[in-house]
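Worksheet: the structure to be examined is printed underneath.
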Amino acid sequence: MSLVTLGLLAVSGCNVWSKLHDSRRSTPPGRPPQVDTPPAVSPADPINKVPIDAEGSCGAAAAGTFVFDMKALSNTEYDLTIKDLLSTKATASAAFPPDATGIGFDTGAAHTMTTTLAQSYFDASQSLAAAFVDSGKAACADQAFATSCSSSAVTAFAELAFRRPLLAGEAARLSALPQQFATAGMVEKDAFTAALATVLLAPQFLYRSKVNMDAGVPHSDQYALASKLSYALWSTMPDATLLAQAKAGRLSDQEVLAGEIDRMVSSPKARGFLRNFTAQWLGIKSLAQAPAAGHLDAGIAADFGEETLDFVSEFLDQNRNIRDLLDARFTYANARLAKHYGLPEVAGDDLMRTTVQSDQRGGLLTQGSFLLSTSNPDVTSPVKRGKWVLDRILCTPPPPPPAGVQTVLAPSTGAALPMRQRLATHRAATACAGCHKMMDPIGLAFENYDFIGQWRDKDDYGPIDASGTTMAGANFNHAAGLAAVLKADPAFPRCVASKLATYALGRVPTEQEQCLIKKIATRTSDRQYGLRNLLVDLTRALLVH
Amino acid sequence: MIYGTKKGTNRRSFLRGVGACISLPWLEYFTQVAMADAARKRVVYCYMPNGAQWQPATTGSDFQLASPLQDLAAVKDYLTVISGLQLGPAKSTINGDHSRALTAFLSGHTPEFPGPSVTTSIDITLAQTLSLGSRVSNLCLAAEEHANAESGYTADYQSCMSWLGGASPNSRDVDPAVVFNRIFAAPITTAQDGKPAKQLDPGKSILDAVLSEANGLQQVLGRTDQQRLQEYLQSIRDLETRVAIAPVATCPTGDRPAANVSYDTRVKLFYDLLYHALACGVTNVATFLLASESTNQSYDFIGIPGSHHDISHDSSREGYAKIAKIVAWHVGQFSAFCQKLQTTPEGSGNMLDQSILLMGGGLGDGARHTHDNIPVFLVGKAGGLIRGGQHINLSGTPFCNLHVAMSTALGAPIAQFGDSNGTISLG
């Protein structure tokens, strides 16, 4: 049973839906989804050796599709790379212009170099290099920065920072820098620092690029692959192990490569990637600035975000079934949050894994991050909640209202109509009905949660009616009932796969890639929808060629 | 080489907080600067999202300010209200009017779907002439970081009005504290120990060395990557030129703005920083996006809670009254900014005599997403080439004709821009 088979998508007047309906009708029905997979902790499956598209029905990649484009680091990638390279907690990107939005994920932003951004990098490279040298973590610190030491220390640093061996010209130029700067009048320590700053401002550091095979770096394609994998799965530079595999030319061995991907996906560093991805996927980066956040006690808006990030992270850590994201019987809460939600008491400020026992809480759609971010300043918005679910859970965003229509609900004062009735007038207008018949029933299922995510049995107008009927006539009640419908919809795992792929690729997938993603999402059902399995399959199919 | 850090200069003695009024040292300072550089012209574009309507009832010099413009009374002699302009490139049969309104405003072109891709905006072109000798080419400020994505268009189209061309939006600054650092080159604070990290002197040596590295890399890159590297080289070369421009060592800067301030405070801080940047000659070109297009910003601080965008679609009398109040608040902030320039002497007059400060938006009636009769007014006389004190109604004229007219008044004439089919007489 799914939204698709219920005929929800055949609504006319909401063009996204009819388009989607057409494309799905051609998909042969698959195995019935496993609705009640027990929340057992399963290790990542061994690498599935069958190619994703063994029969080749997705077609070959269009010519030029897989060209490795030179890419500037995003702000997050810059900070995490600096953290690994300099062993520092500095977050220099706080002083950078924000990343452009591009495709909705910072990995895909244009990252145009502008004078403004260049100045930011210029300032950061100098202060980071100075702090690094002052901290004593840089080589040569105890040798008074004699140029004899500085020289080799700079090239060793550059090799790490550039994520590949140096070209002959690079090594020659960079090793000469400390002497060159000293001759220009800098004291030895400053000359060494300036040489490190040069490395941090060089395009070889700020961009990921692949140098030509004939440039004199053995296995240059493997170093590029190592970077591609590490930035996709860790949002940072490759570690020593991965670089060693590239150096030995072993990443062309499929067994080795598969092992590395598995190691990377299992590493704690993948958590950084998943948190960054999740915050952008769900749009919960700045909850403290949500319209209704002013009604919350200090810290709770931030707790909402952390709760969701910890919750989703567990799915990666333990290879959990992604469909359980919608109704898992656990969450992460601290004392404040447990009290806010009415959960059993939790002590302290740190979020702890907490089992939930009632239908009131359980799954992403009962968490404050979603409930708060979709509310208006002092009232819930079933429309925004419905739109959010369609957009972010099913990847079928409804179009915005056409120009000239009245999109503001009749004021609640005077008419004094309950939310459900006010929305009904909305749906009576032909121009609005097509999409609102989709959005409103979904949003109204969450009416038991007020604009700050607290449970309520009634609002100002009386007991809450959170029941709904799909277009095909199936009834559901409350958020839990809706979650069961959404969970059974194959569009959900496909949507998660598509969002992950877009993030990892840093661009909208091509048609051929979308075909692969669909196959992977389908295959994931045979692999218990494990998030780690899904990520491994996507990486192997889309990032490695 | 660093603003405000010269030994013996106590910045606090000049200003207590960025919002402080002009004190005596400022006047002395500006008189000096003004004598040295009387002919400097500057332009600022401020963008009002979600539509605004402020057309005066009559044209000519004897016009009454419509209610959202009341606060401009103090600078009315410098004010030119231009009605009837249309933003043709924002029109389309598909959804996405907010995205096209903002992106076409300064680019004069219809942005590509889904983007990002649009032609170079007028501010970037003008900066090549106007900011030739400035330490900063242009400022691109936005009082709101978040932007919605609309109808499949990239969210960049609702968060950025300054474009370098192609797929490249200009870098936006959304944090007043960061802008303070940028324009006054104050030491960067690292989060590690909270202390300002040491600034190195040898910036030029580093930039030279980096250019050598980039040239080396150019030899071994594939063809598709060359363009990215060109962008990098151009930015670094530009930076090298600009850091070599000696700042006015005694230019007062005010104090570093606090972090995490509310929206209304942020708008005020940005205007103050903008004023300081212009007054100190740090740059002569700036854009300021007052909030992202289709913003959901709440104006509860003036008694209008709720989403600005939602309110803009309330086509009842009450809805339009609320929008007028929001617009009036922004006009009030803009007017305060204008008055600061007006009270700052320059040459034989004041800073407004040499400036054009534009405020406008790409939507007229927000509820109907109209791009005809978009709201636009200018404050400033551009060295006497703009008369000021008048309301002109040019029904059906392309907004881009104004870009052409302004470029001429600013001494950087562009014969044709976007969909322009002529110019506008502002004298």
Side-chain angles (χ1 to χ4, degrees), chain A residues 67 69-70 88-92 94-95 97-98 100-104 110 112-119 122-124 126-128 130-131 167 169-170 173 177 181 184 186 190 193-194 197-198 201-204 207 209-212 215 286 291 376-378 399-400 402-404 406-408, chain B residues 95 97 116 137 145-147 149-151 154-156 159 164 167-174 178 181-182 188 190-192 197-200 202 205-206 209-210 212-214 216-217 220-222 224-225 228-229 231-232 235-236 238-239 296 298 300 305-307 310 313-315 319 368-369:
Chain A
V67 168
D69 284 332
M70 186 165 168
T88 173
K89 285 183 187 149
T91 50
T101 318
I103 51 163
T112 311
M113 187 62 73
T114 63
T115 311
T116 307
L117 188 57
Q119 191 201 13
F122 178 58
D123 293 342
Q126 294 179 70
S127 49
L128 288 168
L167 305 176
E170 289 167 345
R173 284 189 303 270
L177 279 184
F181 288 158
M186 296 182 212
D190 288 351
T193 308
T198 302
L201 189 58
Q204 291 93 327
Y207 294 83
S209 62
K210 177 173 154 184
V211 297
N212 284 343
S286 46
N376 283 326
D378 45 15
Q406 173 65 275
T407 56
V408 176
Chain B
N95 280 313
D97 280 309
S137 159
E145 176 170 356
H146 173 81
E150 180 191 25
S151 307
T154 170
D156 295 335
S159 65
L164 305 185
S168 306
N170 197 0
S171 298
R172 302 176 293 150
D173 272 317
V174 296
V178 169
N181 284 339
R182 191 179 301 297
I188 302 294
T190 68
Q192 198 168 19
K198 189 182 155 198
Q199 282 283 314
L200 292 171
S205 305
I206 293 172
V210 159
S212 299
E213 281 317 307
L217 183 63
V220 295
L221 279 183
T224 48
D225 293 342
R228 286 254 176 239
L229 195 64
E231 270 176 7
Y232 172 89
S235 300
I236 295 287
D238 189 34
L239 185 64
N296 293 315
S298 162
D300 51 357
S307 149
D310 285 356
H313 281 281
D314 178 357
S315 47
R368 295 188 172 75
H369 288 178

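So that the names make sense, note that chain A is the first sequence line, chain B the second, and so on, each numbered from 1.
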Separation between [atom1] of [X] and [atom2] of [Y], rounded to the nearest 0.5 Å:
{"X": "A/Thr114", "Y": "B/Arg172", "atom1": "OG1", "atom2": "CZ", "answer": "12.0 Å"}
{"X": "B/Ile206", "Y": "A/Phe181", "atom1": "CD1", "atom2": "CZ", "answer": "6.0 Å"}
{"X": "B/Glu213", "Y": "A/Leu177", "atom1": "CD", "atom2": "CG", "answer": "7.0 Å"}

Would you name the heavy atoms of [X] and [Y] that are closest together and state the gap between them?
{"X": "B/Ala209", "Y": "A/Thr198", "answer": "CB-CG2, 3.6 Å"}
{"X": "A/Ala100", "Y": "B/Asp156", "answer": "C-OD1, 3.5 Å"}
{"X": "B/Ser171", "Y": "A/Leu117", "answer": "OG-CB, 3.8 Å"}

Exercise for review: Answer yes or no: is there a side-chain heavy-atom contact under 4.5 Å between A/Asp123 and B/Asn181?
Suggested key: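 SC-SC contact between A/Asp123 and B/Asn181 ruled out.
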Review point. Given that the side chain runs from C-beta out, which part of A/Leu201 has a heavy atom under 4.5 Å from chain B: side chain, backbone, both or neither?
Key: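 It is both, since atoms from each part get that close.
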Exercise for review: Using modelled atom types only, decide if a donor and an acceptor are shared between the side chain of B/Ser235 and the backbone of A/Met113 within a distance under 3.5 Å.
Suggested key: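 Indeed, once roles are kept as given, a pair shorter than 3.5 Å links the two residues.
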**Study point:** Listed partners of A/Thr116 passing side chain to side chain donor-acceptor pair (under 3.5 Å), at least two apart
**Key:**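 Residues passing side chain to side chain donor-acceptor pair (under 3.5 Å) with A/Thr116: none at all.
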Check your understanding: Looking at B/Ser137, B/Gly319, B/Ala147, B/Ser212, which one has more heavy-atom pairs under 4.5 Å with chain A than the rest?
Key ->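 Most heavy-atom pairs under 4.5 Å with chain A: B/Ser212.
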Which atoms of [X] come close to chain A, meaning under 4.5 Å heavy atom to heavy atom: side chain ones, backbone ones, both, or neither?
{"X": "B/Ala155", "value": "both"}
{"X": "B/Val178", "value": "side chain"}
{"X": "B/Leu239", "value": "both"}

